[in-house]
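The structure appears right after this line, and notes come after that.
The sequence lines fix the lettering, A, B, ..., with proteins before strands; numbering per chain opens at 1. Every value quoted in this text rests on a predicted model; they were computed, and no experiment measured them.
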Amino acid sequence: MQPMAGFDLRVLRKALAEHFEAAGYQPCEPPILQPASIFFDSGEDMRSRLYLTSDLSGAEYCLRPEYTIPVCRFYLDQATAGSPAAYCYCGPVFRFRPDGASEFIQAGLENFGRRDREAADAEILGRALGAAHAVGQTELTVRLGDAGLFSSLLDALALSPQWRRRIAHGHAHEKPLDRVLALDNGKSLDHDGVLAALAGTDKHSARALVEDLLSIAGISTVGGRSVGEIAERFLEQAALKSNDGFPAEKRAILESFLAIEGDPDDALAKLAELAKAAKLDLAQALDRFDARLGFMAAHGLDVKSFQFAARFARNLDYYTGFVFEAHEKARPDEKPLVAGGRYDGLLKSLGASDDIPAVGAALWVDRLRREPSERAQ
Amino acid sequence: MTNGPLVIAVPSKGRLQENTASFFARAGLVLVQGRGAREYRGRIAGLEGVEIAFISASEIVGELAAGTAHMGVTGEDLIREKIPDADKKVALLTKLGFGHANVVVAVPQAWIDVKSMADLEDVASAFRARRGERMRVATKYVNLTRRFFAAQHVTDYRIVESLGATEGAPAAGGAELIVDITTTGATLAANALKVLDDGVILRSEANLVASLIAPWSHAARETARIILSRIEAEEAARTTREVAAQLDDPQDELFNKAEANFAARLRRFGDDGWATFSCPNEKVAELADWLISCGAIEVTVAALDYVFSATNQLHKKLLERLG
């Protein structure tokens, strides 16, 4: 069956907007034409999907591929930037998709500047799911994850900086742990001599050694990375090498952690159990997790029906805390109707002087438009 | 367009043009360029129904992708870079043995701790964590770079498009590393860059490429058959030699061994005891040695001008891909 015609789309968009505005979210519709460079830091995958154009001066523009960055920039331009503000939007976005329409409607919410993060997380989830319900999508499976909990675990495990970075990077891209830990580039044969010479030395002598190596090899131009950075990486590798791979007990903890899933309350109990057994201090992160569930219940959400998975990260490294996705029950393997999460680092990377708390959600209106009868097929 | 000519797009300048012209000439196909206003159009001497378009290498890719040229000569690097889902739009019929170049990932030689793509993944993510910015990769191969880096899990980078002298970008501070073509690696070395051990994205050379989108009329297919059979005949002649020997006691077993060990195919065997084989160039000396050890008194080797065959593999390949 074809999607509903334009009239229905208008009704749907109106219903979503009314729902958001009734909750106090202020409409924010940034221009469709945006400076292309603001999306370049979203990674090459996003960049390869942009519809680009340029003006007479050669300045590069694109059709907005998403709303979050333009809405963040709008917020930062306000005199009140930094204090709490809540925006909603609904309109077309443009992203090259080889297997579908490259212009589609996205609706969503962004909530900035609230220090009561867990309450804001629960509110975004409640409003986003509420909007989907309001337009007839009542049969949803909701998946939760928590990037903040994972980074607390990495802190508590006191890993070397290199392993911490690799594991966090792997987690954000949902790369299986055994493949992350198998990364063995600290043991490149040609470096054995260097690494042995570096074992146990300090930054200063490592730097001197790298400088000597470069001058012996007759290399004078150092592009991009400083001698200090190169020396530091050698030191990290030397440390990894002398440690003979990734510590087995920490690996076991990571594996048990990533295997935890289930309804959020049960998962919380399992997480607490793991922390206790492994003698890891996760109290603060677990309290926040618990508080968030409380706020969800206060929003009238049926927490028991949600699924938490510790490994769930939405395949993006931009989230710093709570993440979620909602799928149609009948189509669990298809792309989500609603998704979102907390991204406390983004506003600073867009020019804010400090981290500003931010949490948001997006709804794919084309997917919301599917009729129940179509869903049943 | 059903009765339009078969359009073949060839490079209009430089060494690629010379190499392409001599490639066709070897196959007995002489490209004749128009004069004056017709400078960019031409024909093949003595062959009707063919139009040669002399255009730049990157335009050739565009015409093949759009189906405005039926066949063209261009590098595989450009095909893979400029045509999304290239295998659905064009068929690489045969490699031409010139225009060799590798598309590679190269980093400053000073990065003595970086040898592999895994190192690069690690260093790129550390770079971003430390500076809040992504490492910049200068290249004109934007799509090849994105595909290769994604497959290698390198995500913390940003492409800086470069239209010339890419190898100078790291020294000039315009990028941290590059993806570029190299033939000998000398230019990279002169710019204090090195290729990563597993950083070869593509080993490219000039190819004869057919567009699958072009209007392949019956006449166009027939003209293509004639051209491809000549190309194949020349290629077969160039890569094989005719080896003849007089043998005392020729047995089937000997012929089988010649085929199995030297890829030498028996062409003729006469009552006078002379056997003639066709043998790949690189096996000729070994085959001659072995034939003498089997009792041949003399072995002669001759080059052939053309080897036409009833089975035209190139044309068959084209028809299969056209479906």
Side-chain angles (χ1 to χ4, degrees), chain A residues 37 40-45 47-48 60 96 98 161-162 164-166 168-170 172-173 175 179-180 182-186 188-191 194-195 209-211 213-237 315-317 345 348-349, chain B residues 84-85 106-138 142-143 145-150 153-161 168-178 189 191-194 197-198:
Chain A
S37 59
F40 288 176
D41 209 42
S42 304
E44 286 296 323
D45 179 55
R47 196 172 164 193
S48 69
E60 220 180 354
F96 172 72
Q162 194 177 21
R164 193 192 192 291
R165 194 180 58 237
R166 284 181 183 177
H169 182 82
H173 294 95
K175 194 168 158 184
R179 285 191 40 211
V180 174
L183 257 185
D184 206 13
N185 51 29
S188 179
L189 285 175
D190 306 17
H191 291 149
V194 180
L195 296 181
L209 177 64
V210 170
E211 273 169 356
L213 283 173
L214 291 176
S215 87
I216 292 165
I219 300 169
S220 54
T221 353
V222 177
R225 296 163 70 224
S226 67
V227 171
E229 281 172 293
I230 294 166
E232 205 163 300
R233 181 155 183 271
F234 269 130
L235 276 183
E236 282 177 3
Q237 287 181 314
N315 206 6
L316 280 169
D317 53 14
K348 192 170 177 188
S349 78
Chain B
D85 223 349
V107 304
Q109 286 171 352
W111 295 11
I112 49 180
D113 57 329
V114 179
K115 289 175 174 299
S116 65
M117 288 301 291
D119 285 329
L120 183 63
E121 177 193 357
D122 200 33
V123 164
S125 109
F127 187 94
R128 186 171 171 213
R130 178 188 294 259
R131 309 199 187 188
E133 282 170 15
R134 290 164 193 262
M135 244 179 205
R136 293 161 304 165
V137 182
V142 174
N143 297 314
T145 303
R146 282 175 181 149
R147 285 203 293 272
F148 187 71
F149 278 37
H153 304 287
V154 180
T155 50
D156 291 320
Y157 71 100
R158 180 158 84 80
I159 286 175
V160 182
E161 264 194 86
E176 276 66 53
L177 64 150
I178 67 167
N191 284 277
L193 300 171
K194 61 173 181 183
D197 292 348
D198 53 353

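With sequence neighbours left out, Asp45(A) forms a side-chain hydrogen bond (donor to acceptor under 3.5 Å, both in side chains) with Arg49(A). Every residue meeting the side-chain contact (heavy atoms from CB on, under 4.5 Å) condition with Glu229(A), not counting sequence neighbours, appears here in chain and number order: Arg225(A), Ser226(A), Phe127(B), Arg130(B), Arg131(B).
Ion pairing between a basic and an acidic side chain is recognised when a charged N comes within 4.0 Å of a carboxylate O; Arg166(A) and Asp122(B) show such pairing.
The candidate from Ala172(B), Ala150(B), Gly132(B), Ala126(B) with the greatest count of non-hydrogen atom pairs under 4.5 Å with chain A is Ala126(B). With respect to chain A, the highest number of heavy-atom pairs below 4.5 Å among Leu193(B), Val142(B), Asn143(B), Val123(B) belongs to Val123(B). Ranked by heavy-atom pairs under 4.5 Å with chain A, the list Ile159(B), Thr155(B), Asp156(B), Val107(B) is led by Ile159(B).
The minimum heavy-atom distance between His153(B) and His169(A), with the atom names listed, is O-NE2, 4.0 Å. Here the closest non-hydrogen pair linking Arg134(B) and Ser42(A) is NH2-C, 3.8 Å.
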Derivation of the side-chain contact (heavy atoms from CB on, under 4.5 Å) call for Glu44(A) and Thr145(B): CA-CA 10 Å; Glu44(A) 286 296 323; Thr145(B) 303; over 6 Å; no
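In this structure, chain A has no heavy atom under 4.5 Å from any part of Phe149(B). With a 4.5 Å cut-off on non-hydrogen atoms, Ser349(A) does not touch chain B at all. If you measure heavy-atom distances from Ala129(B) to chain A, the contacts under 4.5 Å come from the side chain alone.
In this structure, the side chain of Arg233(A) engages the main chain of Asp113(B) through a donor-acceptor pair within 3.5 Å.
Residues Arg47(A) and Arg158(B) meet the side-chain proximity criterion, which asks for heavy atoms closer than 4.5 Å.
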